[in-house]
Amino acid sequence: MEACAEALWKSVWKGCLSSDSWEPLRRALAQGFASAQTGEEAPALETYPRGMRRIPRALRERWRSGPPVLGSWFSLAEDEGPSPEEFDPLEEDELNKDRVRILLGRWGVLSRPLLEREAPCFSWSRLLPSIRRMELAGELTAGRFFAGINSLQFASPAIGQELEKAETLKDIYWMNAADPASPAGLAVSGIEAGGNLPSRIASSRLCYRGSELLAVSNRGGKDIKICIPPDDPSLPEVLEFARISRTRAISPETKIIIEKINGKNAASGDYGALLKEMGFVSDRGRLILW
């Protein structure tokens, strides 16, 4: 059963299979990709019609928790046609152009330093010939969009309008420090990511207002750094993230503990007062949401 689940997920990561919902992925993240199960019990022996051949007890017990992977699945693989290893140069170039478009949507500007940590199929050396051809076709433009980056830079022809739009963006949003778009751990000469950023790990999150860093959550929310004053009108919206893991519909936490805010006991100060208004209670200097 675990071998079946492992083979299925390998096909998913290769882009050959997909499901009709996100539930299988949520279950697999919570229970392990090799043994994620549904929690639904299989019918007991007594429910089978009389005369039907009974399923051996050992097999029935293995599947009592349901199939190894939940959900309805469908194939993304073409019935006919070459595999990626068998592509001719034209097909490979089209595939690389699609990869360039994916990276362009993520970064906005493409350069060698930004692609150093990407998978080999997204590497600068592999994609540069296709990038050059996209430039000749008018899909990309070369220029010096960020000073200090010692590399060729490519962007869409609408880069000027996109940068102007980015400068006026004032929406508040959170992202995981390990998100592909996160600047955490981004050591690119010419791009200042900010000295308050954490390591690029999944237990940390970043809050921005446009391009302005407002807060950083470390250690799964136990240690919070807030970069705006307590009287900032955006503070309640910024701190709303602290309750999400407790109030979310999928796998909510039983409780949330905040130990430190800006290096001090979380329950003290104006930030602590606002969190208490949001439902947190003080406990020996910490703040807890039950």
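Scope of the values below: all heavy atoms of this structure, side chains included, with no hydrogens, waters or symmetry mates.
Under the 4.5 Å side-chain heavy-atom criterion for grouping Ile, Leu, Val, Met, Phe, Trp and Tyr, Leu115 is connected to Val100 within one hydrophobic cluster. Leu214 and Leu206 are not part of a single hydrophobic cluster, where members link through side-chain heavy atoms under 4.5 Å apart. In the hydrophobic cluster analysis, where Ile, Leu, Val, Met, Phe, Trp and Tyr join through side-chain heavy atoms closer than 4.5 angstrom, Leu239 is grouped apart from Leu213. Both Ile244 and Ile261 belong to a single network of hydrophobic side chains, linked directly or stepwise wherever heavy atoms of I, L, V, M, F, W or Y lie under 4.5 Å apart. Hydrophobic clustering, with ILVMFWY side chains joined whenever heavy atoms are under 4.5 angstrom apart, keeps Trp290 apart from Leu287.
Taking a 4.5 Å side-chain heavy-atom cut-off between Ile, Leu, Val, Met, Phe, Trp and Tyr, the cluster of Leu90 contains only that residue.
Residue pairs meeting the side chain to side chain donor-acceptor pair (under 3.5 Å) criterion with at least one partner in residues 136-147, sequence neighbours excluded, are Arg101-Glu139.
Taking the side chain as every heavy atom from C-beta outward, Leu140 and Leu104 approach each other to under 4.5 Å. Looking at heavy atoms from C-beta onward, Arg133 lies in side-chain contact with Ser130 at the 4.5 angstrom threshold. For the pair Leu103/Leu127, a side-chain contact is recorded, criterion being any heavy-atom separation below 4.5 Å from C-beta on.
Annotation: the span from Glu135 atom CD to Phe154 atom CZ amounts to 5.0 Å, rounded to 0.5 Å. Separating the CD atom in Glu92 from the SG atom in Cys121 is a distance of 9.5 Å, to the nearest 0.5 Å. For the atom pair CZ of Arg246 and CD1 of Ile288, the computed distance is 12.5 Å after rounding to the nearest 0.5 Å. With rounding to the nearest 0.5 angstrom, the CD1 atom of Ile258 is 11.5 Å from the OG atom of Ser282. Note that the CD1 atom of Ile201 and the CG atom of Asn218 stand 7.0 Å from one another [nearest 0.5 Å]. Rounded to the nearest 0.5 angstrom, Asn262 CG and Cys227 SG are separated by 7.5 Å.
The two residues Ile256 and Ser245 have their closest heavy-atom pair at CD1-OG, 3.3 Å. For the pair Ser19 and Pro24, the tightest heavy-atom approach, listed with the atom from each and the gap, is OG-CG, 3.5 Å. Contact detail for Gly220 and Ser217: the closest heavy-atom pair is C-OG, 4.4 Å. Looking at every heavy atom in both residues, Gly210 comes nearest to Tyr173 through O-OH, 2.6 Å. Closest approach of Ala177 to Ser199, counting heavy atoms only: CB-O, 3.7 Å. The heavy-atom pair separating Ser182 from Ala184 by the smallest distance is OG-N, 3.1 Å.
No more than 12 heavy atoms of other residues, nucleotides or ligands lie within 6.0 Å of NZ in Lys225, so this atom counts as exposed by the packing criterion.
No donor-acceptor distance shorter than 3.5 angstrom exists from the side chain of Arg286 to the backbone of Asn265, with no hydrogens or angles considered. In this structure, the side chain of Tyr208 does not engage the main chain of Ala215 through any donor-acceptor pair within 3.5 Å. Under the 3.5 Å distance criterion, the side-chain polar atoms of Ser204 are left unmatched by any main-chain donor or acceptor of Arg200. A donor-acceptor pair is defined here as one N or O able to donate and one able to accept, closer than 3.5 Å; such a pair exists between the side chain of Glu91 and the backbone of Asp88.
Paired with Glu118 under the rule salt bridge (charged side-chain N to carboxylate O under 4.0 Å, His left out), one option of Arg126, Arg106, Arg99, Arg112 passes, and it is Arg106. Checked options Arg209, Lys170, Glu212; the residue passing with Ser234 is Arg209 (criterion: side chain to side chain donor-acceptor pair (under 3.5 Å)).
Under a 4.0 Å N-O distance rule, the pair Lys255/Asp283 does not qualify as a salt bridge.
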Practice task
Take Leu114 and Gln153 through the side chain to side chain contact (heavy atoms under 4.5 Å, CB included) test and state the conclusion after the steps.
Solution key: CA-CA 10 Å; Leu114 288 176; Gln153 300 174 44; over 6 Å; no
Handout entry: Worked verdict on Leu110 versus Ile131 for side chain to side chain contact (heavy atoms under 4.5 Å, CB included)
Key = CA-CA 9 Å; Leu110 300 181; Ile131 291 175; 4.3 Å; yes
Exercise for the section: Could you walk me through whether Cys207 and Ile172 pass the side chain to side chain contact (heavy atoms under 4.5 Å, CB included) test, one step at a time? Expected result: CA-CA 7 Å; Cys207 179; Ile172 293 177; 3.8 Å; yes
Exercise for the section: Could you please spell out the steps behind the side chain to side chain contact (heavy atoms under 4.5 Å, CB included) verdict for Glu237 and Glu240? Expected result: CA-CA 5 Å; Glu237 186 177 358; Glu240 184 62 33; 5.6 Å; no
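The aromatic rings of Trp73 and Trp9 stand perpendicular to each other, their planes meeting at an angle above 60°, with 30° marking the opposite boundary.
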Can you give each donor-acceptor pair under 3.5 Å made by side-chain atoms of residues 270-280, sequence neighbours left out, with the distance rounded to 0.1 Å?
{"residue": "Tyr271", "atom": "OH", "partner": "Ile228", "partner atom": "O", "Å": "2.5"}
{"residue": "Lys276", "atom": "NZ", "partner": "Ala267", "partner atom": "O", "Å": "3.4"}

